[in-house]
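Below is one structure, written out as structure tokens; comments come after it.
Within every chain, numbering begins at 1; the chains are lettered A, B, ... in the order of the sequence lines, protein sequences first and strands thereafter. The structure presented is a predicted model; accordingly, all values stated were derived computationally and were not measured.
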Amino acid sequence: MKPTDTSNPDYFHKVVDCQWACPAHTNVPEYIRLIAQGRYTDAYLLNRESNVFPGILGRVCDRPCEPACRRGRVEDKPVAICRLKRVAADLSDEVRDRLPQRPAGGNGKRIALVGAGCASLTVANDLLPLGYDVVIYEKLAETGGLMRSNIPRFRLPPAILDDEIDAIVDMGAELRLNSPVESMAALLDEGYDAIFVGSGAPQGKNLELPGRYDTDRIHIGIAWLESVAFDHIDSIGEKVLIIGGGNTAMDCCRSSLRLGGKDVRVMARKPRHLLKASDWELEDAEEERVEIMLNHSPEEFIVEDGKLVGMKFAKVEWHDDGSGRLKSTTIDEVVLPCDDVILAIGQENAFPWIERDLGLEFDQWDVPVVDPATFQSTREGVFFGGDSAFGPKNIIWAVEHGHQAAISIHKHCQGESMTERLPQTMNLSSTKMSIHEWSYSNDFDPAARRLMPHVDLKERFENLDIEVELGFTAEQTITEVERCLNCDIQTVFKAGLCIECDACIDICPVDCLTITHNGEEADLRSRLTAPAENLDQELYVSDGLPQTGRVMVKDENLCVHCGLCAERCPTAAWDMQKSELIIPYATDEAACPTKRKAG
Amino acid sequence: MSFIRKPKIVYKGQRTNALGLTRRDYEGGMSTLCAGCGHDSITTALVQAFFELDIEPHKVAKLSGIGCSSKTPAYFLDSAHGINAVHGRMPAVATGANAAARDLYYIGVSGDGDSLSIGLGQFAHAMRRNLQMLYVIENNGVYGLTKGQFSASADIGSKAKKGEVNEQRPIDPVKAALALGGSFVARAFSGDKEQLVPLLKAGIKHNGFAMIDVLSPCVTFNDHEDSTKSYAHTRQFYHPAVHADFIPPAQPIEAGGDEGGVLRVNLHDGSQLLLRKVAPDYDPHSRAGAYSYLDECEKRGEIVTGLLYIEEDRASMHEISQTAKQSLRDLEYDKLNPGAETLKALQSRYR
Ligand SMILES: Cc1cc2nc3c(=O)[nH]c(=O)nc-3n(C[C@H](O)[C@H](O)[C@H](O)COP(=O)(O)OP(=O)(O)OC[C@H]3O[C@@H](n4cnc5c(N)ncnc54)[C@H](O)[C@@H]3O)c2cc1C
Ligand SMILES: Cc1ncc(C[n+]2csc(CCOP(=O)(O)OP(=O)(O)O)c2C)c(N)n1
Ligand code: SF4
Ligand code: SF4
Ligand code: SF4
Ligand SMILES: [Mg+2]
């Protein structure tokens, strides 16, 4: 193999599994270290830089970082990254005085944002400090989008939303509530320099089965949750069936329990491992005694005398049809009694307010055609982001879309090429303090993952507003921060210094180092101290070593960043260096504008 | 040395041996040797060898004298037995221990100072008795522990760190062992575990005194230019002559006999060694041949390594002395202590 090119920032970035997996590339290990040092406000602000809503995301983020966390490969459970984010938010001081404001006077450019969800709010957050005039149009009477209208209050209290959203609006945005945009053509006529569509994927899917329209006790999940959130609905029948196996289904069943539901079941067509809901959402629902019934395919609503009395399901079995696709066969039929049914089978994009003759193309699924790098539509100056761009995802993706769209909007308004964007870069700095001292906590702590304490199972159902998760205690925090393996403290190797004494190889607690003759990747992977079987993880291959010409190979898979290789090395051929990924935002683009002007 | 211990991490997919133990179960305390010391590498090789041989750690006795090398038994097999003897006197203590408890594996770790300077007499007699043990000399050409004075293995012309030149003839433990009747004589290098680990395994299983001289650079006092025991010098003049593959008893063997330069040697317990030779006419059963080959290579400055001489069926100490077949602890009490009357009768035979 060729020597690894560590000057490409992606190489060391990829070693920081959590940061690599996070759509917004949140600097997880650094904020965990700040928490460990009691610097909660700094930890909060570091989070805010990339993910904008640490208090919200510290509660409800989809957390793609956690399944990626190295700790989950070394032992069973990843670091409780998301819970620690909440610790930073819970304990942070007021940060308003450390946030930028829109400069008085502004830069003379006007931007319209459609929707006050997390995508639009991120765009506002990034563009206001540059002096843009930002006008936010929101259909509803409140900000926040699905975060407020659909994520139940017992998971995400409104006060948290208000705090983080107001911080953005108060930078100087013009917020127009109760102002649905009903015509894109009309909006274009207003002469904005750019328009950002962050209107989400607002339509819940329907289920056309016999009996569907014979009763008013069948609800569309996201519409029902919105009615609950805004207090238009405050009760439900005792027997409730939720159709669907995703996170919306989990919010529907848990909300039902708080509105009078006694026998609440989630009816899923698929087996457990294929459910869309995250493991922790399933666990939380089951803790509340919701029964998750698998392999039940809905067939018919049973309505007697205009009253919904039950629902018929086919019990199915799944098997591979030979081409790798799953096919079901019916093995039985069952009827379950019910008072209400909630359909939670997915969302769709809908843009009835966008005329189709504006040069704004829609694809075969009636979804706008959007460039995945610039977020611009086929009409210049109109951008999409969040659920409206590529269908329903989650908050952190919407935030990342917002950051990228903000850069594009800025470049569009300044007449710069949108595709010539600042690259990500990386700084490396040694963490060595003395022979055996490093500026991070390098010892491996074998503690198991801490569990989130919950409000008592009786108390929590009293009303919708009781937040179930209590947040980590000080003791839990102290333990959990030490579980982080500091994956951003990189093992950096200088081949010219190595005398091939094997000290590093011998000390490595997870056998990830080898000195051997070079070869092709597959061959090399099989010849290491421990075979490198995780192909998603890179091999770090050195130049030829001075004495024998062999190479040092590190399998990045299990390294716990203990620094022992560097401590053991007599020549300091290994060093532990902190990698800091530098992610460009709209402000950075604004700080060096001329370099990449179009043409 | 390091201020944090090597953490014990049971990671997914970690290999276990026939006893269900991981390599980590064969480790010992945290090393306090200098970072990069060859001795630490040999420690790791010993861990690997015992792990691969599926030996229960408590069936092993570790012995040593004084020196950096002699400290290393503290760093492997922490559930084995151990005695740290006085300088150069480990062979006597090993002889006593082995006489009493013959069912343990004995592993002695010594240095060039400990064995060739102060302990040369003891070393010679243990070999002469063919005491059943693996005897490792961690050879760095200096007294590491007392800050780098030349030892008896320092080569003529080799320079000390501060510049003085050694003028005295070295004692080569391999040649000494050949001359003193050693039954298993090998040389290896701490920087080549592919060669060292199988040699250690063979030595552990050899029925008699297995002496392995392991070149083990002292990074602190003897790894400079003009030292003949540095990593760089050893690598430059490294000449592996006989490579030993260790085949445990249960495993079938493909190649056999003395074909294509591969010689098969049967060990006492049913395991086998496959010796691959660089010089096709090299005969590891010939003491004189080994000696002259060493002489020849020495003239070219080459450092000959490998299993250089083996005599697999020479009687070991217990066989020569016709001692009890089991350890003394397993003898019935009246056999172990036949009583005052028997003692008197015995003594009267010498009056
Ligand atoms: C039940 C449920 C639970 C969820 N739970 C989680 C979770 O725990 N974690 C997570 O990360 N994600 C979760 N999601 C997904 C997440 O809420 C969305 O991916 C995210 O909110 C998308 O943000 P957005 O800004 O693109 O759109 P939205 O949040 O949908 O915001 C769009 C806004 O635009 C407004 N709007 C729409 N059309 C117009 C118009 N024409 N004029 C003016 N305003 C308009 C809407 O009223 C809304 O306020 C959940 C989704 C649902 C349905
Ligand atoms: C009876 C006695 N004499 C002298 C010493 C001092 N002494 C300690 S270690 C040592 C030499 C050790 O050299 P070696 O065996 O080569 O071990 P190394 O440290 O090089 O591994 C000496 C002379 C001693 N401890 N006891
Ligand atoms: S830091 Fe070094 S010694 Fe520690 S696990 Fe990683 S490679 Fe191994
Ligand atoms: S410890 Fe240092 S000198 Fe020794 S092999 Fe490792 S990198 Fe090379
Ligand atoms: S002084 Fe030499 S022999 Fe002793 S520990 Fe240090 S490097 Fe090893
Ligand atoms: Mg020595």
_Taking side chain as everything from C-beta outward and backbone as N, CA, C, O, which of these in B:Val47 sits under 4.5 Å from a heavy atom of chain A? Side chain, backbone, both or neither._
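Neither part.
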
Side chain, backbone, both or neither of [X] within contact of chain B (heavy atoms, under 4.5 Å):
X        : answer
A:Asp445 : neither
A:Ile499 : both
A:Cys508 : backbone
A:Glu500 : both

*So, A:Asp511 and B:Arg23, do they make that salt bridge, N to O below 4.0 Å?*
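Here A:Asp511 pairs with B:Arg23 in a salt bridge, since their nearest N and O are under 4.0 Å apart.
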
*Does a side-chain N-to-carboxylate-O contact under 4.0 Å join B:Arg5 and A:Asp443?*
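Salt bridge absent between B:Arg5 and A:Asp443.
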
_Approximate separation, where rounding is to 0.5 Å, of A:His436 NE2 and B:Ile4 CD1_ =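 Between atom NE2 of A:His436 and atom CD1 of B:Ile4 there are 11.0 Å.
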
*Drop me the distance from B:Tyr11's OH to A:Asn557's CG, to the nearest 0.5 angstrom.*
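Rounded to the nearest 0.5 Å, the OH-CG separation comes out at 10.0 Å.
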
*Can you name the nearest heavy-atom pair linking B:Asp40 to A:Asp506, along with the distance?*
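Smallest interatomic distance, heavy atoms only, reads O-OD2, 3.8 Å.
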
*Identify the two heavy atoms, one from A:Pro570 and one from B:Ala35, that lie closest to each other, and give their separation to 0.1 Å.*
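In terms of heavy atoms, the two residues are closest at CB-O, 3.2 Å.
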
*Partners passing side-chain contact (heavy atoms from CB on, under 4.5 Å) against B:Lys6 (at least two apart in sequence or in another chain)*: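 side-chain contact (heavy atoms from CB on, under 4.5 Å) check on B:Lys6 returns A:Ile507, A:Pro509, A:Leu564, B:Arg24, B:Glu27.
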
Counting only heavy atoms not in [X] (residues, nucleotides, ligands), do more than 12 fall under 6.0 Å from its [atom1]?
X        : atom1 : result
A:Lys432 : NZ    : yes
A:Lys494 : NZ    : no
B:Arg15  : CZ    : no

_Could you check whether any side-chain N or O of B:Lys12 sits under 3.5 Å from a backbone N or O of A:Val74, counting only pairs where one atom can act as donor and the other as acceptor?_
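Pair absent, no side-chain N/O of B:Lys12 close to backbone of A:Val74.
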
_Side-chain donor/acceptor of B:Ser41 to backbone N/O of A:Cys501, under 3.5 Å_ =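 Yes; judged by distance alone, with no hydrogens or angles, the pair exists.
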
_Is there a side-chain contact (heavy atoms from CB on, under 4.5 Å) between B:Val10 and A:Glu75? Walk through the geometry before answering._
CA-CA 8 Å; B:Val10 187; A:Glu75 48 168 60; over 6 Å; no

*For each of B:Ala232, B:Ser190, B:Gly191, tally heavy-atom pairs with chain A at distances under 4.5 Å, and name the one with the top tally.*
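The option with the most such pairs is B:Ala232.
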
_CA sep, side-chain torsions, deciding dist, call: A:Asp502, B:Thr44, side-chain contact (heavy atoms from CB on, under 4.5 Å)_ = CA-CA 10 Å; A:Asp502 287 1; B:Thr44 308; over 6 Å; no

